[in-house]
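Heads up, the thing below is written out as structure tokens.
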Amino acid sequence: MRISETKGVSFAGLQRLSSSAASHKIVKADAILVSIPFESGGVPPWSFGGAPKLQFDTLLVRLETEQGIVGWGEAFSRCEDKSLKAMIETRVLPLVIGRSALEIGKIKYDVEFRLQNFGRVGPIIYGVSAVDIALWDILGKISGLPLTALLGGAFASEVEVYASLMRYGNCADVVRATRQAIERGYRYIKLHEITEDEIHAAVEAAGAQAAVMLDTNCPWPVAEALKYDRLLEPLNLYWLEEPVWPPENYAGLARIRSTGRHHIAAGENAGSLHDFVAMIAAGAIDIAQPDVAKAGGISELVKIASLCQAESIEFVPHCAIFGPGQVATIHLNAAQRSVPMLERLYCDFEAEIYGGATLPVNGKVAVPTGPGLGLDPDPGVINRYRVA
Ligand SMILES: [Mg+2]
């Protein structure tokens, strides 16, 4: 039986947890890049440099302890991000080897402190995020408890999922995807369109069957964002996400929010708790969207969730990945009193990294109950789609 299939706290698990920290030494740390083709019912949506592709990465970090316990984490990545993998392998992982897996907070602090000059947002913090997720997975496996239990317990056994549609850039495809998502049971749909015709067509297609959010990915200067804020008001969007360029223009976002026409969501491009402190202090957001694979992992998102609670800001994590980062987000969401929705990019993969266990059914996903993340990636899928 795989460790992740065991249930509850076993005596052996307690023994393992109480034994000396040295026995939980991390002896192996690897980055593994998997890239899996998908179908989204339209043209390739985004280019991240080079030609746009119909495939998404899962950049895994695999940590193994002296006792052979394996933890899985994930760094944000997109299309065969080999340079990102190299950065994590050469800078982050060497600082993790030889440490006790039980020192989650200390490892995170030490790695961040030592690598601070490489930037507080971006590849290094993505790597720190992946390590943090993997360490929480190991802690759960050592203790025999699911991540939700380590976070204070689950408020729900399943989490509502919203269909985060690709950017299609034409009315026919976005309308078809909207209708199909509703047929599949989604009650919340997020668009990534930035032109009026497509946005109107999709909102009309959704009708009363789904609430619609709009994520524009930072396309506009403040004056133009204000124009769209006014034009889009009659659509009653559930939220308006990242309308202003650049993403760290919190004062600009606050200008849009101050009209009171839309609930403003942002945060996927932020790097840590303190970015959210600044965002909230500026009056920029109603909804905070930290990404567990970008902003410092589970440990950092727990802090951001507390900040949001204290400031009466909604905490709805960003999630555009499909591996351990998505599973960690399911646990994090389930462990909040508000049980925020899980974001899932609307596409069908050629192969499922968890054999389908994370696929929504009727717009909801089950919260894993096994120790740690409760799910381990399928080694067959990793071998078949590994690119680096
Ligand atoms: Mg977004």
Side-chain angles (χ1 to χ4, degrees), residues 38 40 42 44-48 52 56-57 74-79 121-122 125-126 129 159-169 174 177-178 181 186 188-195 198-199 202-203 210-220 225 228-229 232 235 237-250 252-253 256-257 262-272 275-276 279-280 284-296 301 304 308 313-322 325-326 328-330 332-333 340-347:
F38 64 80
S40 66
W46 291 292
S47 165
F48 298 88
F56 279 141
D57 286 0
E74 183 177 10
F76 179 83
S77 64
R78 264 297 162 256
C79 292
V121 183
I125 301 296
Y126 299 177
S129 306
V159 169
E160 181 90 30
V161 183
Y162 71 85
S164 193
L165 304 191
M166 305 289 166
R167 180 174 297 164
Y168 295 96
V174 74
T178 300
Y186 288 100
Y188 295 85
I189 288 169
K190 190 165 87 179
L191 311 173
H192 282 93
E193 305 301 325
I194 49 169
T195 41
E198 282 75 16
I199 298 166
V203 169
V212 178
M213 298 84 94
L214 177 64
D215 182 358
T216 56
N217 295 113
C218 316
W220 300 311
Y228 277 94
D229 175 63
L232 298 172
L235 298 182
L237 297 169
Y238 194 73
W239 74 55
L240 176 60
E241 181 171 332
E242 290 199 311
V244 169
W245 175 257
E248 66 272 24
N249 183 359
Y250 303 150
L253 267 184
I256 314 305
R257 181 171 176 249
H262 290 102
H263 288 118
I264 301 297
E268 71 184 81
N269 286 301
S272 72
D275 285 346
F276 287 89
M279 227 178 282
I280 293 169
I285 53 170
D286 299 284
I287 297 139
Q289 299 174 299
D291 187 316
V292 76
K294 291 173 112 182
L301 260 69
I304 295 165
C308 290
I313 297 292
E314 273 191 72
F315 172 80
V316 186
H318 174 259
C319 187
I321 51 176
F322 299 88
Q326 188 187 71
T329 307
I330 296 171
L332 273 161
N333 289 10
M341 287 186 283
L342 176 78
E343 176 173 21
R344 184 184 168 94
L345 288 178
Y346 189 68
C347 59

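Ligands are counted one by one from 1 in listed order, and the atoms in each one are counted from 1 as well. When reading the values below, keep in mind they use all heavy atoms of this one structure, side chains included, and skip hydrogens, waters and symmetry mates.
- By the 6.0 Å and 45° rule, R344 does not stack over the aromatic ring of Y162.
- Neighbouring protein atoms of the Mg ion (ligand 1) (N, O or S, distance under 2.8 Å, waters ignored): D215 OD2, E241 OE2, E268 OE1.
- Below 30°, between 30° and 60°, or above 60°: for Y238 and Y188 the angle between ring planes is above 60°, a perpendicular geometry.
- Residues forming a salt bridge (charged side-chain N to carboxylate O under 4.0 Å, His left out) with E343 (at least two apart in sequence, or on another chain): K190.
- Put simply, CD on Q289 and CZ on F276 are 8.0 Å apart, with the number rounded to the nearest 0.5 Å.
- Every residue two or more places apart in sequence or in another chain that forms a ring pair (Phe, Tyr, Trp, His ring centres under 6.0 Å) with F322 is listed here: F349.
- For A75, the side-chain contact (heavy atoms from CB on, under 4.5 Å) criterion is met by L59, I88, Y126, A130, not counting sequence neighbours.
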